[in-house]
2 protein chains.
Amino acid sequence: KERFASISPAEFFKRNPELVGFSNPSRALYQSVRETVENSLDATDIHLILPSVKVSLDRIDLEKEVYRLTIEDNGIGIPPQVVPNAFGKVLYSSKYTIRQTRGMYGLGVKAVLLYSQMYQDRPFEVQTSPRGSNRVYYFKLKIDISRNEPIIFHRSSIENPTGWHGTIITVYLVGDWLRSKQKIYEYIKRTYILSPYAEFTFRDPEGNITYYPRVTNKLPRPPEEVKPHPYGVDIELLKYLIATLRYQYDVRSFLINEFQSIGEITAEEILKQAGVSSSTPASKLTDDQISKLVEVMKKYEKFRPPSADALSTLGEELITIGLNKVFSPDMVSAETRKPKAYQGHPFIVEAGIAYGGAIPPSEFPIVLRYANKIPLVYDEKSDVIWKVVEEIDWRRYGIEENQFPLVVLVHLCSTKVPYKSAGKESIADVEEIEKEIKFAIMSAARQLRLFLLERKKQEDERKR
Amino acid sequence: KERFASISPAEFFKRNPELVGFSNPSRALYQSVRETVENSLDATDIHLILPSVKVSLDRIDLEKEVYRLTIEDNGIGIPPQVVPNAFGKVLYSSKYTIRQTRGMYGLGVKAVLLYSQMYQDRPFEVQTSPRGSNRVYYFKLKIDISRNEPIIFHRSSIENPTGWHGTIITVYLVGDWLRSKQKIYEYIKRTYILSPYAEFTFRDPEGNITYYPRVTNKLPRPPEEVKPHPYGVDIELLKYLIATLRYQYDVRSFLINEFQSIGEITAEEILKQAGVSSSTPASKLTDDQISKLVEVMKKYEKFRPPSADALSTLGEELITIGLNKVFSPDMVSAETRKPKAYQGHPFIVEAGIAYGGAIPPSEFPIVLRYANKIPLVYDEKSDVIWKVVEEIDWRRYGIEENQFPLVVLVHLCSTKVPYKSAGKESIADVEEIEKEIKFAIMSAARQLRLFLLERKKQEDERKR
Ligand SMILES: Nc1ncnc2c1ncn2[C@@H]1O[C@H](COP(=O)(O)OP(=O)(O)OP(=O)(O)O)[C@@H](O)[C@H]1O
Ligand SMILES: Nc1ncnc2c1ncn2[C@@H]1O[C@H](COP(=O)(O)OP(=O)(O)OP(=O)(O)O)[C@@H](O)[C@H]1O
Ligand SMILES: [Mg+2]
Ligand SMILES: [Mg+2]
């Protein structure tokens with residue numbers, strides 16, 4: 001006899017931690033560091049604050065491998081009335097918007113708490129003061145897994161005499177430092193290289209303290225929230241936009257106001273092709289009319305391309321500086337492509353190539369993958385970036401040897417990165433994105449070809 | 001200013017279809033076929049019904065690529081009062097139990113509906129009659145995404161004069177048949193090869209009808225639901241078991257009754273090591289006592305290994321017959337390992353090797369991956385099975401050439417398969433499982449080595 005039951009999203013991710021990157025104790029430690037650091041960076045640079053992020057990982061139990069992870073940032077803090085849900089309710093987030101952020105699921109830090117609660121019983125602690133607040137708030141909480149609600153063990157606040165703003169979180173985890181050490185250092189270092197405006201401090205369980213100093217005070221332009229692009233809209237999105245309308249728009253005003261890249265003429269053309277009258281109230285559209293509209297919008301070829309306002313690239317200069325710093329190569333080239341879109345989401349691909357110098361030769365290039373400024377460290381071979389690099393014939397660019405000193409960096413930034421899993425480690429193969437990755441790498445590789453031709457020419461001359 | 005919001009699980013998976021295998025229209029078609037076929041097989045062979053599964057995929061729109069997918073089975077059907085939730089509520093399932101089933105998340109068919117609703121507006125249709133029922137029930141429904149609840153468009157029932165039992169579902173999807181054709185045929189064929197007791201019929205959009213006849217009436221022993229194994233228990237699981245207790249057990253009876261492999265002596269030893277009195281009522285245990293118990297249970301080495309009752313292997317005979325049928329090789333070997341456990345979940349790894357004959361030589365073996373009798377077709381390179389096959393030095397088994405005709409089949413069965421994503425295409429690298437895969441392949445490969453040595457010896461003799 002089959003027994004039917006429904007479970008909460010907290011129960012679902014608790015039962016299946018490998019779906020959120022917690023597949024074993026060493027990955028769990030890594031994932032806990034990266035999810036909290038990404039939250040701290042989203043709370044700073046996007047809000048024009050020069051990030052100062054302090055990470056401490058201390059072993060607090062000599063028998064059991066229990067660690068205390070503390071992350072402190074100088075970010076915008078969290079309003080006290082939403083703190084319990086922000087940390088205690090799975091699928092709760094301030095990043096469900098159309099804007100490039102590192103976070104996107106409303107899961108990250110909750111997955112850390114779910115894992116923390118599995119093997120030890122100290123609650124999660126958070127201290128926060130929203131920017132401009134005159135109080136510092138302090139909470140101890142856990143997740144009530146079957147209900148997907150926070151359980152508050154302690155709540156207090158004190159005056160904030162120094163005007164400090166930011167967030168300090170403390171979580172206790174059973175982990176495996178020795179096996180995750182190298183990946184955690186790689187993550188911090190690769191984050192730092194491309195965030196020269198940020199300072200990081202990392203104290204590891206062996207007591208080593210590494211300080212990564214700020215190199216510049218120049219922040220990148222923060223991404224802005226934008227409206228959905230009509231290219232790749234779907235029926236349920238349209239229904240959702242209609243259901244949450246604040247005004248009694250007719251369908252023509254609805255299209256113009258609720259989407260980017262639709263002006264009066266475009267709206268009229270779309271409605272004509274869909275056979276829908278412009279004066280129809282948006283809330284009165286039938287399912288069939290909505291379906292027709294979506295069909296027309298998906299095929300319409302004359303939309304302005306999506307706005308890059310929602311995106312924040314690294315830029316060719318930063319990629320070049322970063323590759324030079326890490327690899328001391330003989331040549332570097334970088335390319336930032338124009339904005340494109342997939343399923344209504346704007347995206348930009350950037351690529352960088354470094355060759356020679358101190359790069360160790362190997363059979364396959366060193367591939368550095370980034371998405372929304374996050375370094376991707378695991379699951380390399382299932383990433384679409386890897387697939388593209390593998391399919392490139394490097395001999396066409398002048399590389400003759402079986403072993404060659406080459407680094408390929410690829411950065412995908414988007415209002416929605418299509419990760420293969422909620423653990424955010426590799427990018428799914430979406431056709432529009434795969435194409436752009438290929439063009440970006442080929443474009444940077446053409447510079448490599450010119451460099452190798454020039455170098456060969458100089459060697460031939462020297463021989464005569 | 002950050003705007004906070006919570007979303008339903010339906011909204012979460014609708015926004016992120018790539019997390020459930022719907023990353024593009026061709027994969028969406030594949031995923032829709034495989035999720036529904038797996039539901040039909042779970043509704044038959046586990047319940048000692050010889051499966052008859054009919055799949056029809058028809059193109060119903062010549063302009064838009066809209067397909068109608070219909071799956072009919074002779075399974076146990078679905079009770080009418082749970083039909084709306086079974087298809088209309090994300091995270092609703094009858095497989096949240098400790099027993100080997102193909103389904104496990106409570107997501108599969110709902111993901112099909114979510115995708116169906118994105119690009120076309122016909123509702124989902126289901127016709128079902130539970131085994132023994134004298135009525136046939138008919139529903140038309142959709143998912144209300146923001147609420148994660150079913151919307152019922154139509155509900156009716158008629159008498160069931162023939163005593164038919166089973167389920168027929170019909171769903172409309174925008175897809176890409178030409179790009180998914182080969183994968184869908186591969187999925188059906190690889191499912192059929194290892195389910196000789198099942199018959200399949202498949203009508204594709206080009207009108208081709210393929211009939212896969214039943215070869216035997218002998219069904220495998222169905223897996224039974226078991227209690228959790230104490231090895232790898234965690235704090236939240238213990239709390240959940242205590243919270244859902246039907247009797248006022250003391251902690252000793254709780255351990256004996258709620259877990260497999262714990263008898264009176266074992267329970268006493270565990271309680272002694274944890275410093276918890278045997279007569280403590282289970283519901284009165286403190287967080288600290290629960291934490292201590294979990295710590296002791298994870299380290300305790302004298303538990304009986306987990307029961308294989310919850311599992312259902314293919315068996316060496318079936319693997320051998322299947323490989324012979326498909327590849328007509330010169331030799332076949334198969335190995336079914338003993339049950340092990342990870343995180344409290346029993347699992348068994350089986351491997352099969354086929355060499356020579358009609359197998360085309362290539363640089364890397366053909367790898368056929370299975371989990372809980374499901375063929376895994378995508379994401380090969382990120383699978384732990386691939387990782388193990390790649391790390392094996394095949395020359396140690398007598399393979400000298402650069403190109404060789406070799407097939408490696410690996411089947412993982414478990415009460416919980418640790419997939420890397422909810423799209424169920426590749427297995428995460430859990431250490432205990434990786435070890436068992438390695439031992440199973442090496443053991444089957446030793447037979448290959450003996451065969452190649454024997455063959456070489458015969459060739460040498462013929463030369464003299
Ligand atoms: N250090 C922090 N400073 C400010 N706000 C924070 C911080 N950490 C978490 N938050 C808030 O809590 C919310 C939930 O964080 P969580 O990591 O669970 O989800 P997310 O970052 O929105 O998405 P993702 O699951 O992709 O990480 C965030 O959206 C953010 O508003
Ligand atoms: N053809 C069918 N016959 C009988 N029951 C079915 C059938 N299809 C679905 N069900 C029921 O509906 C439930 C939900 O199906 P769904 O595919 O969403 O989840 P699942 O199979 O339990 O897990 P998964 O997400 O891993 O597939 C199943 O657990 C099963 O009880
Ligand atoms: Mg986050
Ligand atoms: Mg299913």
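Below, chain A is the first sequence line, B the second, and so on; all start at residue 1.
- Using a 4.5 Å cut-off between heavy atoms, A/Ile76 touches chain B through its side chain atoms alone.
- A/Asp379 has no carboxylate O lying under 4.0 Å from a charged side-chain N of A/Arg369, or vice versa, which leaves the two without a salt bridge.
- Of the atoms belonging to A/Asp288, heavy atoms from both backbone and side chain fall under 4.5 Å from chain B.
- For A/Leu107, the part lying under 4.5 angstrom from a heavy atom of chain B is the side chain only.
- Closest non-hydrogen pair, B/Glu432 versus B/Tyr231, comes out as OE2-OH, 3.9 Å.
- By the 30° and 60° cut-offs, the orientation of the rings of A/Tyr115 relative to A/Tyr119 is perpendicular.
- Residue B/Ile145 touches chain A through its side chain alone, counting heavy-atom pairs closer than 4.5 Å.
- Taking chain B as the reference chain and counting heavy-atom pairs below 4.5 Å, the highest number among A/Trp386, A/Tyr105, A/Tyr342 is found for A/Tyr105.
- Contact count versus chain B (heavy atoms, under 4.5 Å) is highest, among A/Lys89, A/Glu431, A/Glu295, for A/Glu295.
- With salt bridges taken as basic N to acidic carboxylate O contacts below 4.0 Å, none links A/Asp234 and A/Lys298.
- Top candidate by heavy-atom pairs under 4.5 Å with chain B, chosen from A/Ser291, A/Ser94, A/Ser382, is A/Ser94.
- The part of A/Gln343 that comes within reach of chain B is its side chain, from C-beta onward, which places non-hydrogen atoms under 4.5 angstrom from that chain.
- Using a 4.5 Å cut-off between heavy atoms, A/Tyr419 contacts chain B through its backbone alone, with no side-chain atom that close.
- Across all non-hydrogen atoms, the minimal contact from B/Ser23 to B/Glu18 is CB-CB, 3.9 Å.
- Residues satisfying the side chain to side chain contact (heavy atoms under 4.5 Å, CB included) test with A/Asp61, not counting sequence neighbours, are A/Glu63, A/Lys64, A/Val66.
- Of all heavy-atom pairs spanning B/Asp121 and A/Ile235, the tightest one is N-CD1, 4.1 Å.
- Contacts between A/Asp287 and chain B at a heavy-atom distance below 4.5 Å involve backbone atoms as well as side-chain atoms.
- Shown here for A/Thr44 and A/Gly75, the closest heavy-atom pair between the two residues is CG2-CA, 3.4 Å.
- For chain B, the nearby part of A/Asn24 is the side chain; its heavy atoms alone come within less than 4.5 Å.
- Each of A/Pro79, A/Ala428, A/Pro418 has some count of heavy-atom pairs under 4.5 Å with chain B, and the biggest count is that of A/Pro418.
- Contact annotation for A/Val20: neither backbone nor side-chain heavy atoms come within less than 4.5 Å of a heavy atom of chain B.
- Among all heavy-atom pairs drawn from A/Gln120 and A/Leu173, the shortest one is CG-N, 4.5 Å.
- Residue contact with chain B, scored on non-hydrogen atoms closer than 4.5 Å, involves the backbone and the side chain of A/Asn16 alike.
- When heavy atoms are compared at a cutoff of 4.5 Å, A/Glu380 does not approach chain B at all.
- By the side chain to side chain contact (heavy atoms under 4.5 Å, CB included) test, A/Asp144 is found to be paired with A/Ser146, A/Arg147, A/Ile151, residues two or more places apart in sequence or in another chain being considered.
- Against chain B, the residues from residues 7-15 of chain A that qualify, each with a non-hydrogen atom under 4.5 angstrom away, are A/Ile7, A/Ser8, A/Pro9, A/Phe12, A/Phe13, A/Lys14, A/Arg15 in number order.
- Contact of B/Val233 with chain A is made through the backbone alone, with heavy-atom distances under 4.5 Å.
- Of the candidates A/Lys416, A/Arg99, A/Lys95, A/Lys416 is the only one forming a side-chain contact (heavy atoms from CB on, under 4.5 Å) with A/Met104.
- A pairwise comparison of heavy atoms in A/Pro123 and A/Tyr172 identifies O-CD1, 4.1 Å as the closest pair.
- Residues satisfying the side chain to side chain contact (heavy atoms under 4.5 Å, CB included) test with A/Lys387, not counting sequence neighbours, are A/Glu391, A/Glu434.
- A salt bridge is absent between A/Glu2 and B/Arg131; no separation between the charged side-chain nitrogens and carboxylate oxygens falls under 4.0 Å.
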